[in-house]
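I have a structure here, written as structure tokens, and I will follow up with some questions on it.
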Amino acid sequence: MSTIIGLSGSLRKGSYNAALLAVAAEVAPDDCTVAVESIAGIPLYDADLEAAGAPVPVTELQEKLDAADGLLLVSPEYNQSIPGVFKNAIDWLSSFPLGGDKIFRDLPVGLIGASPSWSGTINAQTAWLPVFRGLAMKPFLGETLYVGEVRGKFDEDRNLTDSALRDRLTHWMAKFAAFVAAETKQG
Ligand SMILES: Cc1cc2nc3c(=O)[nH]c(=O)nc-3n(C[C@H](O)[C@H](O)[C@H](O)COP(=O)(O)O)c2cc1C
């Protein structure tokens with residue numbers, strides 16, 4: 001049984017990316033649990049704050065990541081790149097007291113995302129790759145999932161209404177979960 005921490009990079013209530021993460025957790029295969037966590041409450045990175053003791057939302061998430069088998073990022077795209085709040089959260093998590101080397105090195109990571117444009121976060125997903133490299137993570141590159149034109153795929157309450165997307169996400173999660181399980185076995 002693998003445990004994957006799922007993080008959405010959007011803080012707003014009506015987030016399509018948070019809704020996509022919720023469905024990803026729902027369709028995950030039986031041998032895998034996606035624990036949906038949040039980056040809410042993580043302040044702007046400040047080395048003086050860090051020197052005074054990392055904020056509780058950071059240390060709590062660090063401990064959960066340390067115990068997890070994998071990480072699933074569901075990233076929006078801002079100005080053709082990574083939203084600042086999401087990158088800021090990862091920067092904090094890679095800092096002390098636990099530190100990026102302990103938490104992120106060799107951790108399997110999957111990445112999906114949704115946006116209203118046709119390209120569905122392809123630029124943001126590309127922008128994440130050097131971050132994964134810098135943290136020595138193991139990115140799942142076997143399949144991609146770019147959810148474009150997302151406004152027509154969820155209803156007002158952010159229920160998924162597009163059955164083809166549900167199928168694509170189910171397929172992607174099965175592949176990603178198998179990747180996480182295989183990497184975990186290798187140690
Ligand atoms: C500052 C800003 C920049 C954006 N830039 C892009 C962009 O480059 N490409 C894109 O597809 N969507 C862009 N968007 C639209 C977001 O994809 C859209 O707001 C999306 O719904 C955000 O994700 P969420 O629904 O999970 O909050 C931008 C939105 C904001 C606020």
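Start at 1 and go down the list; that is how both ligands and their atoms are numbered. We use all heavy atoms of the structure for the numbers below, so side chains are in, but hydrogens, waters and symmetry mates are not.
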**Message:** Suppose I only count heavy atoms of Ser15 and a 4.0 Å limit; which atoms of ligand 1 are within that range?
**Reply:** 24 (P), 25 (O), 26 (O), 27 (O)
**Prompt:** Counting from 1, what ligand 1 atoms have a heavy atom of Pro76 closer than 4.0 Å?
**Reply:** 23 (O)
**Complete:** Looking at Pro116, Ser115, Gly113, Ser81, the heavy atom closest to atom 18 (C) of ligand 1 belongs to Pro116
**Item:** Leu111 side chain near Leu72 side chain, heavy-atom distance below 4.5 Å
**Value:** no
**Message:** Strictly distance-based, threshold 3.5 Å: is any side-chain N or O of Trp92 a donor or acceptor partner for the main-chain N or O of Pro43?
**Reply:** yes
**Request:** Using atom types as modelled and distance alone, determine if a side-chain donor or acceptor of Glu143 lies under 3.5 Å from a backbone N or O of Trp172.
**Result:** no
**Message:** Quick test: of every protein heavy atom, which one is nearest to atom 5 (N) of ligand 1, and how far off is it to 0.1 Å?
**Reply:** Asn79 N, 2.8 Å
**Request:** Please could you name the atoms of ligand 1 that Ser117 approaches to less than 4.0 Å, counting only its heavy atoms?
**Result:** 10 (C), 11 (O)
**Complete:** Within 4.0 Å of some non-hydrogen atom of Asn17, the atoms of ligand 1 are 23 (O), 24 (P), 26 (O)
**Prompt:** Do any nitrogen or oxygen atoms of Arg151 lie less than 3.5 angstrom from nitrogen or oxygen atoms of ligand 1?
**Reply:** no
**Prompt:** Looking at atom 8 (O) of ligand 1, what's its closest protein heavy atom, distance included?
**Reply:** Gln80 N, 2.7 Å
**Asked** If we ignore angles and hydrogens, is there a donor and acceptor under 3.5 Å between the side chains of Ser8 and Ser10?
**Response** no
**Prompt:** With side chains defined as the heavy atoms from C-beta onward, is the minimum distance between Leu165 and Val147 less than 4.5 Å?
**Reply:** yes
**ligand 1 to Ser119 polar contact by distance, N or O atoms, under 3.5 Å** = no
**Message:** Does Arg158 qualify as a cation-pi partner of Tyr16, given the criterion of NZ or CZ under 6.0 Å from the six-membered ring centre and within 45 degrees of its axis?
**Reply:** yes
**Prompt:** Can a salt bridge be assigned to the pair Arg166 and Glu26 using a cut-off of 4.0 Å between side-chain N and carboxylate O?
**Reply:** yes
**Prompt:** If you measure from atom 10 (C) of ligand 1 to every heavy atom of Arg158, Glu77, Glu149, Arg12, which option wins on shortest distance?
**Reply:** Glu77
**Prompt:** Which atoms of ligand 1 sit under 4.0 Å from any heavy atom of Ser10?
**Reply:** 24 (P), 26 (O), 27 (O)
**Request:** Look at the side chain of Lys153 and the backbone N and O of Gly148, then say whether any donor-acceptor pair between them is shorter than 3.5 Å.
**Result:** yes
